[in-house]
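Source: prediction; values computed, not measured. Any value given below was found using the heavy atoms of this structure, including those in side chains, with hydrogens, waters and symmetry copies removed.
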Amino acid sequence: MLAPIDIFKLEAIDRVIWVASVDNIQPASVRIAEFMKKSPCKYLITHLKTHRTWLVKPDGQISSM
């Protein structure tokens, strides 16, 4: 079974890169914190079952989309 949450890195308006899949939101937060240390930019968290999406900004602020 596939992990229900995907994480994408937003590098530019027209460039979205898949970076990871995780089982729930807690590991997603941990992974994004790790990614932010190396590449501070915007990230998207997408829940494949509920179709909810969150935007994580470089300052750590999270907003639902």
- Query: Are Ile45 and Met65 joined in one hydrophobic group, where the rule is that I, L, V, M, F, W and Y side chains link up if heavy atoms are under 4.5 Å apart?
  - Reply: no

- Note on the structure: One should read off an interatomic distance between Arg52 CZ and Ile25 CD1, to the nearest 0.5 angstrom, of 8.5 Å

- What one should report as the nearest heavy-atom pair of Lys57 and Lys42 is CA-CG, 4.4 Å

- Task: Heavy atoms only: give me the nearest Met36-Cys41 pair and the separation to one decimal.
- Result: CE-O, 3.3 Å

- Same hydrophobic cluster for Leu55 and Phe8, using side-chain heavy-atom links shorter than 4.5 Å among ILVMFWY? yes

- Say whether Tyr43 and Ile62 are linked into one hydrophobic cluster, either directly or through other cluster members, by side-chain heavy-atom distances under 4.5 angstrom. yes

- Considering non-hydrogen atoms only, spot the tightest contact between Phe35 and Ala20 and give its length. CZ-CB, 4.1 Å

- If you measure only the distance, is there a donor-acceptor pair under 3.5 Å linking the side chains of Thr46 and Asp6? no

- Item | Spatial distance of atom CZ (Arg31) from atom CD1 (Ile5) [nearest 0.5 Å] | 12.5 Å

- Item | Verify same cluster id: Ile7, Val30 (apolar side-chain graph, 4.5 Å) | no

- Message: Let me confirm one number: the CG-OG1 distance from Leu48 to Thr53, rounded to the nearest 0.5 Å.
- Response: 9.0 Å

- Query: Would a hydrophobic clustering, with Ile, Leu, Val, Met, Phe, Trp and Tyr connected at side-chain separations under 4.5 Å, put Val19 with Trp54?
  - Reply: yes

- Just jot down the salt bridge (charged side-chain N to carboxylate O under 4.0 Å, His left out) partners of Glu11, sequence neighbours excluded, or say none. Lys9, Arg15

- If every non-hydrogen atom of Ala3 is compared with every non-hydrogen atom of Val22, which pair is closest and at what distance? CB-O, 3.1 Å

- Rounding to 0.5 Å, atoms CG (Asn24) and NE2 (His47) come to a distance of 8.0 Å

